[in-house]
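What follows is a single structure, written as structure tokens, with notes after it.
Every heavy atom of this structure was used, including side-chain atoms; hydrogens, water molecules and symmetry mates were not.
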Amino acid sequence: MVARTRSVMYMLMLLAVSAFLVAGCGGSDDDSSSSGGSGGSTSSSASSAGKDSFVSACGGCHTMKAAGTSGSVGPDLDKLTLDEQSVHDQIVNGGGGMPAGLLKGDDATEVAKYVAENAGG
């Protein structure tokens, strides 16, 4: 019984730390990628790729209305404002219960951009 209680408490602590770390990363409104510049179809296809990768790699754990996901393990991204660099760092380095390296290279970059543009929704 004591071991089970400790296990449950440990899981709750990990979730709380994860939410705290992700929430503390956001807040930058100076993201020039959302300024509507000359992104054109490249921006649209990158956004689509970011959404697809988010849904397959992240949606099982995270809720985000824009992606149509309802995961409940990680923080609800609709309740957070996040900047692209912080999201990218979290994807690459992990932490707070999230494993490192779920996505790499362009996939990590596209998802970070997608999340930064759509979280807090």
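A 4.5 Å side-chain heavy-atom check between S47 and K113 finds every atom pair outside the cut-off. A heavy-atom distance below 4.5 Å is not found between the side chains of D76 and H62. By the 4.5 Å heavy-atom criterion applied to side chains, Y114 and E84 are not counted as neighbours.
Here the closest non-hydrogen pair linking I91 and V111 is CD1-CG1, 3.8 Å. Across every non-hydrogen atom of L80 and P75, the tightest pair is CD1-CB, 3.9 Å.
Listed for the T81 side chain is no donor-acceptor partner under 3.5 Å among the backbone atoms of G120. Under the 3.5 Å distance criterion, the side-chain polar atoms of D78 are matched with a main-chain donor or acceptor of K65.
Neither side chain, T109 nor D106, offers a donor N or O lying under 3.5 Å from an acceptor on the other.
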| field | Criterion side-chain contact (heavy atoms from CB on, under 4.5 Å) on L77 and T63, from CA distance to verdict | value | CA-CA 6 Å; L77 300 179; T63 293; over 6 Å; no

Donor-acceptor pairs are to be reported for all side-chain atoms of residues 53-60 against protein atoms at under 3.5 Å, with residues two or more places apart or in another chain.
residue	atom	partner	partner atom	Å
S53	OG	A49	O	3.2
S56	OG	D52	O	3.3
S56	OG	S53	O	3.3

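Applying the side chain to side chain donor-acceptor pair (under 3.5 Å) test to D89 and every residue at least two apart in sequence or in another chain returns Q85.
With rounding to the nearest 0.5 angstrom, the CE atom of M64 is 15.0 Å from the NZ atom of K79. Note that CG of N93 is 9.5 Å distant from CE of M98, once rounded to the nearest 0.5 Å.
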